[in-house]
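Step one of this worksheet: look at the structure below.
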Amino acid sequence: TPYQFLLEKFKSMGVEAPENFANILDFILNAPVNLKTTKMIEPIMNWVMNDLEDSRVLKSLAVINFATLVTRACLNPCGREYLGNSGCQMDNCKKLVEDTYLPWLAEGLNNEGNQVWERMVYMMALYNFNSEKILTIIRPYAIGTAAGPDTRLRLTAIYALRKNDMPYSTKNEILQG
């Protein structure tokens, strides 16, 4: 696929050249809207998690936008509900991202060695990640036991819990939190 080709290209080129930076940025911003297959989720996830260390800007955008991508491609509502309950489970996409990407996001958020803005990147990715499994990660931030002195993490966690597009199964749990 064109996305596989682009990922291979991106891994071999650096981000120092302005045109390389622009091409990678374009990919990161457009993939959530244009990707139509779940087969590219794992390669893109590995790229986001393991590459892009040369640019904190690109890494941050990729972390947040990949959460948007997997929400649209793998999680409910995923756009394939017309296929029944199995529609959003294609290629084990949901399990893959909930078992691999979600813990990685939690680790980045909970790493107190990260600066607040870096932790906010992980919080915003969790905010974009439409899964009931984010509740256990963001609840301590929402109730104020994990946010520390900076209120931005807590405010974002509270706002994430108020989202209208959270899975219906979380409504009661959110109200009790």
*List for me each residue that meets ring pair (Phe, Tyr, Trp, His ring centres under 6.0 Å) alongside Phe66, sequence neighbours excluded, and say none if there are none.*
Tyr101

Where is the tightest heavy-atom contact between [X] and [Y], given as atom of each residue plus distance?
| X | Y | result |
| --- | --- | --- |
| Pro103 | Asp99 | CG-O, 3.4 Å |
| Lys59 | Met49 | NZ-O, 3.2 Å |
| Asn114 | Gly108 | ND2-O, 3.0 Å |
| Ala142 | Ala157 | N-CB, 3.7 Å |

_Check: Asn128 main-chain N/O paired with Thr68 side-chain donor or acceptor under 3.5 Å_ = no

*State whether the side chain of Arg119 and the backbone N or O of Leu109 hold a donor-acceptor pair below 3.5 Å, judged by distance alone.*
yes

Report yes if some heavy atom in the side chain of [X] is under 4.5 Å from a heavy atom in the side chain of [Y]; otherwise report no.
| X | Y | answer |
| --- | --- | --- |
| Trp104 | Met45 | no |
| Val48 | Val63 | yes |
| Ile134 | Leu102 | yes |

*According to a 4.5 Å side-chain heavy-atom criterion applied to Ile, Leu, Val, Met, Phe, Trp and Tyr, with indirect links allowed, do Trp117 and Leu61 form part of one hydrophobic cluster?*
yes

*Taking a hydrophobic cluster as the set of Ile, Leu, Val, Met, Phe, Trp and Tyr residues connected by side-chain heavy atoms closer than 4.5 Å, whether directly or through intermediates, do Met123 and Leu155 fall within one such cluster?*
no

_Please determine whether side-chain contact (heavy atoms from CB on, under 4.5 Å) holds for the pair Leu69 and Ile41, giving the CA-CA distance in whole Å, both sets of side-chain angles, and the decisive distance to 0.1 Å._
CA-CA 8 Å; Leu69 170 63; Ile41 295 297; 4.0 Å; yes

I need the [X] [atom1] to [Y] [atom2] distance, nearest 0.5 Å.
| X | Y | atom1 | atom2 | value |
| --- | --- | --- | --- | --- |
| Glu107 | Ile137 | CD | CD1 | 11.5 Å |
| Met124 | Leu105 | CE | CG | 12.5 Å |
| Leu135 | Leu126 | CG | CG | 10.5 Å |

*Just do the salt bridge (Lys or Arg N to Asp or Glu O under 4.0 Å) check on Lys94 and Glu132 with the steps written out, would you?*
CA-CA 12 Å; Lys94 180 177 180 172; Glu132 62 276 356; 3.8 Å; yes

_side-chain contact (heavy atoms from CB on, under 4.5 Å) assessment of Gln115 paired with Met120_ = CA-CA 9 Å; Gln115 295 178 24; Met120 282 294 294; over 6 Å; no

*Can a salt bridge be assigned to the pair Lys95 and Glu42 using a cut-off of 4.0 Å between side-chain N and carboxylate O?*
no

*For Phe129 and Glu98, run side-chain contact (heavy atoms from CB on, under 4.5 Å): C-alpha distance rounded to whole Å, both residues' side-chain angles, the deciding distance at 0.1 Å, then the answer.*
CA-CA 9 Å; Phe129 201 89; Glu98 286 183 342; 4.2 Å; yes

*Partner set under side-chain hydrogen bond (donor to acceptor under 3.5 Å, both in side chains) for Asn110, not counting sequence neighbours*: Tyr141

